[in-house]
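Take a look at the structure set out below.
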Amino acid sequence: MSTSKPGLKKSVTTGAGIRQAFLKFYEAKGHKILPSASLVPEDPTVLLTIAGMLPFKPIFLGQRQAPVDRATTSQKCIRTNDIENVGRTARHHTFFEMLGNFSFGDYFKEQAVAWAWELSTEVFKLAPQNLVVSVFREDDEAYAIWRDQVGVPEKRIIRMGEEDNFWKSGPTGPCGPCSEIYYDFHPEKGDDDIDLEDDTRFIEFYNLVFMQYNRDAEGNLTPLQAQNIDTGMGLERMAQILQKKPNNYETDLIFPIIQTAADIAKVDYFKQDESAKVSLKVIGDHVRSVVHMISDGITASNVGRGYILRRLIRRVVRHGRLLGIEGAFINEVAESAIALCESAYPDLREREDIIKAELQREEDQFLKTLERGEKLLAEILERKPKQISGAEAFKLFDTFGFPLELTQEIAEENGLTVDVKGFEIEMAAQRERSKSAHETIDLLAQGNLSELGIDSTDFLGYTDATSQSTVRAILVNGETVETAEAGTEVQLILDQTPFYAESGGQIGDRGFLAGDTLVVRIEDVQKDNTLYIHLGRVERGTLKVGDSVSAQIDRACRRRAQANHTATHLLQAALKKLVDDSISQAGSLVSFDRLRFDFNCPRALTAAEVQQVEAQVNTWIAEAHGAQVDVMPIDDAKAKGATAMFGEKYGDEVRVVDFPGVSMELCGGTHVGNTAEIGVFKIIAESGIAAGVRRIEAVAGPAVLEYLNVRDQIVKDLSDRFKAKPEDLVDRITNLQSELKATQKTVDGLKSELALLKSDQLLDQVETLGDFQVLVANMGEVDADSLKTSAERLLQKLGDGAVVLGSIPAEGKVSLVATFSKPVMDKGLKAGKFIGGIAKITGGGGGGRPNFAQAGGRDASKLPEALDAAKHQLAEALG
């Protein structure tokens, strides 16, 4: 994309143009463009990526080293906390893109503010009279930058309280004030009594977070050693502003999707009433969400992020029905969304088949569910009640997808009313349930298995690896069936099973079901209360309800899971013993090839502590401690000191897994009979994942050998590359780093000396303007640091006066510096404001103190023009 202003003025009005202009602008300011992170975050405290800064949270919390000093991204995000407002307001969405620029201990307020203003006014061409800024009420520094360096009138700088303009990561930790830029749709109303809460007049489009403090447990603020910048500009909001649309939905980011839905429904969007427009907007918004979610690996389910995906898909189908669309249509709309977004997110087209298959499966299943809902409503009406209760209306809405409006319409046709207040109470309770990341929704809601009278599955897997079982129920795509042919994906209920179902962090077993001509491969097992749901595929033969099958677990996978699960018990015991007895589990994963253990701890473990913990676990393994497993009353288990496992719900009777003298926990998982069976334990990593929560990743048993083989190959490759023995690699690399550092220091010194020599040669270019000595010059290819040193040295030699220097340190980059003596400043010249204006000529910006300031640009061809302008302005002010 061209970076010339005439080209930008036209191109940045499109959504794609806005995104590209933002990223290119900050790339020119030294930022590295990073790709959008997945909608599935690494942070376990949130279900989905909800903000542009979320992928960088570990860096801001000091848990991870920043890969670069400056970064810029267009991050895809999803939020569903205000899902009922989607389509009803101008700017609520589930899916949105957050454009951001980030500094990790590099630049701070002056540059962030100057660049935000330059981007808004120079690149996006927003008129200054249409912009209002807010600052934290106590942030006099930001206020002064906006007023004195940017030139925003005081009446258009609004001080706001902590609730609106102070960012914090939690009760303790990094925090700091915010500054926001608002677009004013009605500047003619004047600057008196500006109310930024008036969203009919103002829209916030850019938020700058100045992360400058650390807050301790007492609430005291101390300055951070490394101050950070975290910003966010809403792409959809900027598109609304630049495209002059009444809402985000009618921009080119969403409206083509809406138009596709309108064409399917055979309606004209602009001629519809508000209710129909809401339905079209919901479809446009939600389809964007679901195609990105599926592309990032999320599949529909009744728990966690899978539940959110399923809910969004069902809302799309439901609103299609409200528009009169009877059959399947979601994939036609999804194609429009993919085509619209694929230039920025090519993975959508690459995973098109996966996306459409998941959408088709969910839509077909839900259309059948809607039919059952219509039958239920008919049954309710046959009872001739005086009113349809809130609970009944909510069941129709939540389970069968009936919108309240549709239930009300049908009720009115039959002379009935609906208990709307009762419905809203049920809806509020559902919202609370969906807020929890760990909330489990009934896995079998669509299958109506409760009607089959299946109470439970007997689990035999603690003692048996095989069992003769009877198939009690078969589900295909969530629907109960009597038979399933080869090639069919199925969910099975058996009367008894040796397969462990996922719980307590341990994943479900794998294996086979076998009959005379039948083979069913089992890939996973899930649990719903006392029912075990076996997920698999019919490999050969025909599976029927009532079949007697031989259920056989994969013994090798089970042994690996047992080793890893027991290792987590030993790991927790070692952490309590060697690090802090108050450590408690915050989550875990036990799979066949690795384990992950999350625990509450206010600090990182030292390298020595990690080694000690690993050594202690391996000592217990070598000591061959036998397992004692008992079932006892929970009060007895607690009295013995048994530790509870994270996420487990316990009844009156509990299972206690005890390795005497080492570890005793309440646990329903499978374990080795003796610690010696684990073999060996290796910690791979220790890191922070949230405030006060640490994570250890490790391997145990056969997985350790696989891990070591990979590491061994890496060491061999490095040895060949550096021509050194493995034991000499550390010294070899350290020596190379030292040599490189010494060489760089020598180069920097030579550059500095050369710059000073060049600066001395400039003294004959000094001009006298009244009582002042003034020097404006081009220093060629000198870097920014040397330019600063030269300017300060020259001003010392000149005495009262001004020095303005420019250079081109690299292709496409311009550096500028200005330094003024006090008498020059007394004439009204401020170095920060002065150099910022000069830098704009080169397509850049900057600022600093009244006596000294630096700036940058990106159009080297404009440097002579910029320096001429500097001479002219100094002559006018001082001559």
Specify the closest pair of heavy atoms between [X] and [Y], including all atoms of both residues, with the distance to one decimal.
X      : Y      : value
Pro41  : Arg305 : CD-NH2, 4.2 Å
Gln496 : Ser469 : O-OG, 2.5 Å
Gly626 : Pro660 : O-CD, 3.4 Å
Arg472 : Asp495 : CG-N, 3.6 Å
Thr497 : Ser467 : CA-OG, 4.0 Å
Ser295 : Arg351 : O-NH1, 2.5 Å

Given Lys682, which of Asn618, Val704, Leu705 fulfils the side-chain contact (heavy atoms from CB on, under 4.5 Å) condition?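 Only match with Lys682 under side-chain contact (heavy atoms from CB on, under 4.5 Å): Val704.
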Positive for side-chain contact (heavy atoms from CB on, under 4.5 Å) with Ile298, one of Ile78, Ile308, Leu48: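 Passing option: Leu48.
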Answer whether the closest heavy-atom distance between the side chains of [X] and [Y] falls below 4.5 Å.
X      : Y      : answer
Glu653 : Ile634 : no
Leu221 : Cys175 : yes
Gln468 : Ser550 : yes
Asp630 : Val657 : no
Lys76  : Leu39  : yes
Leu492 : Leu513 : yes
Thr49  : Asp296 : no

Using 4.0 Å as the upper bound for N to carboxylate O, is an ion pair formed by [Y] and [X]?
X      : Y      : value
Asp712 : Lys716 : yes
Asp658 : Lys640 : no
Lys527 : Glu502 : no
Arg521 : Glu539 : yes
Arg70  : Asp106 : yes
Glu362 : Arg310 : yes
Glu706 : Arg560 : yes

Under 3.5 Å donor-acceptor, Gln713 side chain and Asn709 backbone: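 No: the side chain of Gln713 does not pair with the backbone of Asn709.
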Side-chain donor/acceptor of Asp464 to backbone N/O of Thr466, under 3.5 Å: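 No: the side chain of Asp464 does not pair with the backbone of Thr466.
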Could you walk me through whether Arg695 and Glu686 pass salt bridge (charged side-chain N to carboxylate O under 4.0 Å, His left out), step by step? CA-CA 6 Å; Arg695 169 173 290 173; Glu686 190 274 343; over 6 Å; no
Give me the ring orientation class for [X] and [Y]: parallel if the planes are under 30° apart, tilted from 30 to 60°, perpendicular past 60°.
X      : Y      : value
Phe597 : Phe599 : parallel
Phe60  : Trp167 : perpendicular
His534 : Phe499 : perpendicular

Before giving the answer on side-chain contact (heavy atoms from CB on, under 4.5 Å), spell out for Met293 and Leu312 the whole-Å C-alpha distance, their side-chain angles and the decisive distance to 0.1 Å. CA-CA 10 Å; Met293 290 174 75; Leu312 292 175; 3.9 Å; yes
Partners meeting ring-ring contact (aromatic ring centres under 6.0 Å, His included) with [X] (sequence neighbours left out):
X      : result
His292 : Phe95, Tyr345
Phe512 : none
Tyr213 : none

Do Ser503 and Tyr500 meet the criterion of a side-chain donor-acceptor pair at a distance under 3.5 Å?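 Looking only at side-chain atoms, Tyr500 and Ser503 do form a donor-acceptor pair, the distance falling under 3.5 Å.
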No-hydrogen, no-angle side-chain donor-acceptor test under 3.5 Å, His625 and Thr675: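 No, Thr675 and His625 have no side-chain donor paired with an acceptor closer than 3.5 Å.
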Quick check for you: to the nearest 0.5 Å, what is the distance between Ile678 atom CD1 and Thr566 atom OG1?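 The CD1 atom of Ile678 sits 5.0 Å away from the OG1 atom of Thr566.
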To the closest 0.5 Å, what do you measure between CG (Leu571) and CG (Asn564)?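 Output value for this atom pair is 11.0 Å.
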Within 6.0 angstrom of Gln65 CD, more than 12 heavy atoms from elsewhere: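 It does not: Gln65 CD has 12 such atoms or fewer within range.
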Show the numbers, then the answer: is there a salt bridge (charged side-chain N to carboxylate O under 4.0 Å, His left out) between Arg732 and Asp728? CA-CA 6 Å; Arg732 176 66 172 146; Asp728 296 333; over 6 Å; no
Walk me through it: do His565 and Gln506 pass the test side-chain hydrogen bond (donor to acceptor under 3.5 Å, both in side chains)? CA-CA 7 Å; His565 201 154; Gln506 181 178 333; 2.5 Å; yes
For Thr568 and Ser588, what are the C-alpha separation, side-chain angles and deciding distance, and is it a side-chain hydrogen bond (donor to acceptor under 3.5 Å, both in side chains)? CA-CA 8 Å; Thr568 63; Ser588 70; 6.0 Å; no
Honestly, is Arg655 close enough over Tyr462, meaning NZ or CZ under 6.0 Å from the six-membered ring centre and within 45° of the axis?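 Output yes; distance and angle both within limits.
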For the residue pair Phe459 and Tyr532, is the inter-centroid distance of their aromatic rings smaller than 6.0 Å?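 Centroid separation for Phe459 and Tyr532: below 6.0 Å.
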Begin from the C-alpha positions of Glu697 and Arg596 and carry the test salt bridge (charged side-chain N to carboxylate O under 4.0 Å, His left out) through to its verdict. CA-CA 5 Å; Glu697 296 176 74; Arg596 187 179 71 215; over 6 Å; no
